[in-house]
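Note that the coordinates shown come from a computational prediction; the quantities given were computed from them, not determined experimentally. Protein chains get the first letters and strands the later ones, always in sequence-line order, with residue 1 at the start of each.
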There are 2 protein chains.
Amino acid sequence: MDTSFAPLAPEATNPQSFRPEAPLELDIAELQRHMVVTRRKVRAGQYLYRNGQPFRALHFVHAGFLKTCELSEDGREQVTGFRMRGDLLGVESIGLSVHTCDAVALDDAEIWELPYPPVLDALRHIPELQVRLAAALAEEIRRDRVWMLTIGTLPAEQRVAAFLLDIAARLARLGFSARHFILRMGRADIASFLALKHETVTRALSHLERLQYISVLRREVKLLDVPKLRACVGTPCTIQ
Amino acid sequence: MDTSFAPLAPEATNPQSFRPEAPLELDIAELQRHMVVTRRKVRAGQYLYRNGQPFRALHFVHAGFLKTCELSEDGREQVTGFRMRGDLLGVESIGLSVHTCDAVALDDAEIWELPYPPVLDALRHIPELQVRLAAALAEEIRRDRVWMLTIGTLPAEQRVAAFLLDIAARLARLGFSARHFILRMGRADIASFLALKHETVTRALSHLERLQYISVLRREVKLLDVPKLRACVGTPCTIQ
DNA sequence: CGGATCTTTGAGCGGGGTCAAATTAGGTGG
DNA sequence: CCACCTAATTTGACCCCGCTCAAAGATCCG
């Protein structure tokens, strides 16, 4: 079996090198005709926004990788999602004056800020985009609920498999390799997102590797047997 | 201790007898000026809509109690929420042509149907309501994420306590008693929602009763010690 | 090189799941 | 109205998956 990572050149074959030509869902150019869209760099580890800070903009991820975290008053923390190029952050704060969660860059990121509430006025003049915003919010709800289903009905290893397939599919939509990628988050973040502990995630990954479904070395992942992974998470095999 | 339910007259003190005078978030009268709002009765156990059916309307709950269920292709099922008077159902399907989940009445319900997409056109003529819709969607996202936090970070008994406090708070907002109510759903539905098994929910309720935090008899619940329940779910006690 | 962080693995335990049975409520038709 | 049937709830006994605790690499950064 070839699960060695040696032949990988450090940068040339990096499966997630920057690719600005990937298509975007949102037509930013159209929006810019109606408001001031400012660009913002956020370093890995920095907060894009924090729980309690004033809500002044929607944040469109142009490049980079982030996580969103829900917090409780007594200090519990839950990763609620991972966001990448093309995702819109901050929509959960619409209707409020402050953010109710954290957004943290896991990678150096470039964010385009759509000032709020001006963005709502802009949408009023672009009825088509208004529907797009509602649709984007609805899709966020659907995504969250599919994860509720996953977490509520699948055991640890299958949650991890579902997580890998989700990341792979999203990277594929951006034009990256779905079979070979670098995780931008640590085991603890994956664990929190999947309602597990980091040791359990590690063990699940190790076991999936022993089954030859994937190969893992720290944050580098290769999907070796996607059909088996899909079967693992309950998607009936398309063949047969 | 008085945990007896004997003194309860069958209807007169029913903590959830119909109360149409409770205030609503959505101004239906305003909407009716722009579209045809049809009323619909749904019997307990019937589907309001099902996964895969065409998405033709948003559904406003005027009376009754419902659950929404997420389904997987391989037959797994997850209760994603319980909906009562004032809640808007179907928003998760905005942007799609079919529903992606089930909505089931747990009680005889009266639903006001806001035809879609006409409702979007109506919103275009009522800018204020357009923002309300986005805000309603955003609040749905926040609610889901708070449950992710609860399920991801609290053990079984505390999840059940959080569930009871949530139901109580929502009933209170509708003008019902927050201390004494009838659950409209079975143990299995609660369990699914909280990512537990029904026996675990039963045991948690029994234990909370033994602690004198609540009293339970089948679906009838009294909250005896709300501060202790709140402390249980991590809300720092407001009194010191 | 040295220290902090992240990942991996093992050993042991326990919370919650599984299986089973008893009890009770509710519905239905005689 | 009651007998019967079905479904919901409760409880016990047992077990296992995932958590806890601990320690040993591995990687990164100053």
Side-chain angles (χ1 to χ4, degrees), chain A residues 3-6 8 10 43-45 67 76 78-79 104 106-108 150-164 182-210 214-221 232, chain B residues 3-6 8 10 43-45 67 76 78-79 104 106-108 150-164 182-210 214-221 232:
Chain A
T3 59
S4 73
F5 292 100
L8 260 188
R43 296 247 156 209
K67 66 173 175 179
R76 284 171 291 124
Q78 172 75 21
V79 174
V104 187
L106 296 170
D107 228 0
D108 290 354
T150 298
I151 288 165
T153 63
L154 291 182
E157 186 172 304
Q158 300 174 28
R159 291 183 210 178
V160 172
F163 167 77
L164 293 176
I182 310 290
L183 295 172
R184 291 339 226 211
M185 75 295 288
R187 299 289 186 261
D189 283 332
I190 300 173
S192 170
F193 180 63
L194 297 176
L196 299 170
K197 297 294 165 182
H198 70 92
E199 299 95 326
T200 305
V201 172
T202 292
R203 277 187 250 270
L205 289 170
S206 299
H207 188 233
L208 289 172
E209 183 167 47
R210 221 172 313 128
I214 65 173
S215 78
V216 199
L217 185 58
R218 292 183 64 77
R219 297 190 179 189
E220 182 164 15
V221 176
C232 193
Chain B
T3 58
S4 72
F5 293 100
L8 260 188
R43 297 248 155 207
K67 65 173 176 181
R76 283 171 292 125
Q78 172 75 21
V79 174
V104 188
L106 296 170
D107 229 0
D108 290 354
T150 298
I151 288 165
T153 62
L154 291 181
E157 186 171 308
Q158 300 174 28
R159 291 184 211 177
V160 173
F163 166 77
L164 293 176
I182 310 289
L183 295 172
R184 292 338 228 210
M185 75 296 285
R187 300 288 186 263
D189 284 332
I190 302 173
S192 170
F193 180 62
L194 297 176
L196 299 169
K197 297 296 165 180
H198 70 92
E199 299 96 325
T200 306
V201 172
T202 291
R203 277 187 251 268
L205 288 170
S206 299
H207 189 234
L208 290 172
E209 183 166 46
R210 220 172 312 128
I214 65 173
S215 78
V216 200
L217 184 58
R218 293 182 64 78
R219 297 192 180 188
E220 183 163 14
V221 176
C232 193

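- In this structure, the side chains of A/Glu157 and A/Val160 stay at 4.5 Å or more apart for every pair of heavy atoms.
- The CG-C1' distance, from A/Leu196 to C/dT8, rounds to 16 Å in whole Å.
- In this structure, B/Leu183 and B/Phe163 have side chains that are in contact, with non-hydrogen atoms separated by less than 4.5 Å.
- When the P atom of D/dG18 is taken as reference, atom NE2 of A/His207 falls 12 Å away, rounded to whole Å.
- Using a 4.0 Å heavy-atom distance criterion, A/Arg219 is classed as a sugar-phosphate-only contact.
- Rounded to whole Å, the distance from CZ on A/Arg218 to C1' on C/dC6 is 5 Å.
- Evaluation of atom-type donor-acceptor distances gives no pair under 3.5 Å for the side chain of A/Arg210 against the base of C/dT9.
- In this structure, the CG atom of B/Leu205 is 10 Å from the P atom of D/dT9, given to the nearest Å.
- Residues A/Val221 and A/Leu205 fail the side-chain proximity criterion, which asks for heavy atoms closer than 4.5 Å.
- Residue A/Thr200 has no polar side-chain atom (N or O) positioned under 4.0 Å from OP1 or OP2 of D/dC17.
- The NZ atom of B/Lys197 sits 15 Å away from the C1' atom of C/dG15 (whole-angstrom rounding).
- Atom pair B/Glu199:CD and D/dC15:P shows a separation of 17 Å (rounding to whole Å applied).
- Between B/Arg187 and D/dT10, a side-chain N or O to OP1/OP2 separation shorter than 4.0 Å is present.
- Put simply, CG on A/Leu154 is 11 Å from P on D/dG18, counting in whole angstrom units.
- Side-chain atoms of B/Arg159 stay outside donor-acceptor range of the base of C/dG16, with no qualifying N/O pair under 3.5 Å.
- Nearest to the side chain of B/Thr202, among C/dG16, D/dT9, D/dT20, sits D/dT9.
- Protein atom CG of A/Leu194 is 16 Å distant from nucleotide atom C1' of D/dC17, rounded to whole Å.
- Considering only heavy atoms from C-beta on, A/Lys67 stays 4.5 Å or farther from A/Met185 through its side chain.
- Distance check, rounded to the nearest 0.5 Å: CZ of A/Arg219 to CD1 of A/Ile190 gives 8.0 Å.
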